Number of protein chains: 2
Amino acid sequence: MSTPASEEQADTKVARYQIGEVADRTGVTQRTLRFYEEKGLLRPPERMDGGFRLYSDEDVERIEYIRRLQQYLGFTLAEIKEMVEAEDLRQQIIATFRPDRELPARLDRVLRAAGALERQLEVVDHKVEALAEMQEDLRAKLERVTTRRHELEEAIAQQAAETK
Amino acid sequence: MSTPASEEQADTKVARYQIGEVADRTGVTQRTLRFYEEKGLLRPPERMDGGFRLYSDEDVERIEYIRRLQQYLGFTLAEIKEMVEAEDLRQQIIATFRPDRELPARLDRVLRAAGALERQLEVVDHKVEALAEMQEDLRAKLERVTTRRHELEEAIAQQAAETK
DNA sequence: ACGCACCATGACGTGTACGTGAGATGGGAG
DNA sequence: CTCCCATCTCACGTACACGTCATGGTGCGT
């Protein structure tokens with residue numbers, strides 16, 4: 001009664017959503033979700049017996065992450081793919097923390113994840129720098145324009161006073 | 001002898017470059033320059049008698065500005081067009097500083113320029129915020145991965161010592 | 001006046017990031 | 001079991017930002 005339609009999984013406890021609900025929650029279309037999957041941006045989600053996709057909360061977070069990267073930061077999907085793949089590596093690293101065998105393989109994953117993170121950080125640093133510069137520039141211009149505006153308003157007021 | 005090929009304009013003093021040189025200087029293709037002009041991002045440059053385009057230093061700066069907006073900040077050309085149009089308004093405001101007639105018209109231009117600048121600044125502020133967040137996130141992840149890396153390297157060193 | 005690199009204008013092609021049906025299947029409500 | 005909406009898989013369409021010929025004119029050194 002009190003549980004929403006998509007959370008009635010009392011035994012497994014993990015919530016699963018089908019594509020329509022995920023689309024509503026994230027604000028992207030179903031087409032886009034399938035497209036991201038096709039392009040390797042989203043891991044293929046579970047399926048119901050009939051073939052319907054079942055997304056997890058983790059998937060939803062990832063979708064929101066992808067959208068932020070795209071909309072606010074202007075990354076291409078190819079760049080984002082690299083980034084989420086690095087994220088997957090990190091997850092794998094965390095997941096394989098317990099089994100203490102084959103250390104070199106784990107080190108390799110860690111090194112690749114570190115490399116990916118460094119490259120991402122470099123790109124972001126570049127963008128931050130460019131943006132900060134642009135921000136300053138805009139602020140300065142706005143200030144000058146505002147000054148000019150006050151001058152003009154004063155001049156118009158004065159002219160009106162003279163005409164009167 | 002000491003003057004580069006494109007600066008031999010001893011009388012007018014203003015340097016003019018044709019499209020190939022501008023392309024080399026800015027790193028964009030000639031096609032892109034014509035495309036920007038077509039789309040209204042660049043004011044139609046001067047032409048030689050034969051029809052060859054002649055760009056000024058100002059044009060070159062504008063091209064570099066456009067590229068920064070596009071590459072580092074992820075604006076679309078349509079958005080950039082709005083922004084450079086605001087820039088043109090600013091230029092006009094400066095140019096029409098002397099003739100002190102028709103003050104209301106000048107105020108109108110100033111107000112529109114201010115509005116455009118404010119909108120741009122809002123977008124940039126948004127992006128700066130998102131980027132800063134992402135930067136922090138990446139730094140934290142990189143630090144964790146680096147820690148994990150050192151742990152692994154130590155573990156491997158220890159294992160090697162034991163085997164020996 | 002000749003040669004040749006440079007430039008002009010179309011016109012069509014390409015890659016990215018989806019949009020938009022079409023037609024078939026799934027699956028829970030009555 | 002039937003209704004009916006949601007989802008499935010192709011497959012073609014589209015807007016943006018150019019790339020890529022094709023064809024022909026320009027500018028200048030010799």
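Residue numbers begin at 1 in each chain, while the letters A, B, ... track the order of the sequences. What you see is a predicted model, and the numbers here were worked out from it, not measured in a lab.
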Practice prompt. Evaluate the side chain to side chain contact (heavy atoms under 4.5 Å, CB included) criterion for residues Arg67(A) and Tyr36(A): first the C-alpha distance (whole Å), next the side-chain angles of each, then the deciding distance (0.1 Å), finally the verdict.
Written response: CA-CA 11 Å; Arg67(A) 286 263 111 181; Tyr36(A) 285 175; 2.8 Å; yes
Worksheet item: Would you say dA17(D) has OP1 or OP2 under 4.0 Å from some side-chain N or O of Thr32(B)?
Response: no
Item to complete: Quick one: pull up CD1 in Ile19(B) and CG in Asp59(B) and give me the separation to the nearest 0.5 Å.
Response: 11.0 Å
Worksheet item: On the ring face of Phe75(A), is Lys127(A) found with NZ or CZ under 6.0 Å from the centre and within 45° of the axis?
Response: yes
Practice prompt. Whole angstrom is fine here: how far is it from CD1 in Ile63(B) over to C1' in dC18(D)?
Written response: 15 Å
Item to complete: Give the rounded distance in Å between these two atoms: CD of Glu37(B) and C1' of dA17(D).
Response: 16 Å
Worksheet item: Would you say a side-chain N or O of Thr29(B) is under 4.0 Å from OP1 or OP2 of dG19(D)?
Response: yes
Worksheet, complete the sentence: Arg112(B) meets the side-chain contact (heavy atoms from CB on, under 4.5 Å) criterion, sequence neighbours left out, with Leu89(B), Asp108(B), Arg109(B)
Item to complete: Identify the two heavy atoms, one from Gly40(B) and one from Lys81(B), that lie closest to each other, and give their separation to 0.1 Å.
Response: O-CG, 4.1 Å
Worksheet item: Asp49(B) CG to dG27(D) C1': how many Å, rounded?
Response: 11 Å
Discussion item. Quick one, Met134(B) and Arg68(A) - any side-chain contact, counting heavy atoms below 4.5 Å?
Written reply: no
Worksheet item: For Ile66(A) and dC18(C), what is the distance between atoms CD1 and P respectively, to the nearest whole Å?
Response: 10 Å
Worksheet item: In B/S/- notation, 5' to 3', how is nucleotides 1-17 of chain C contacted by protein heavy atoms closer than 4.0 Å?
Response: -----BSSB-------B
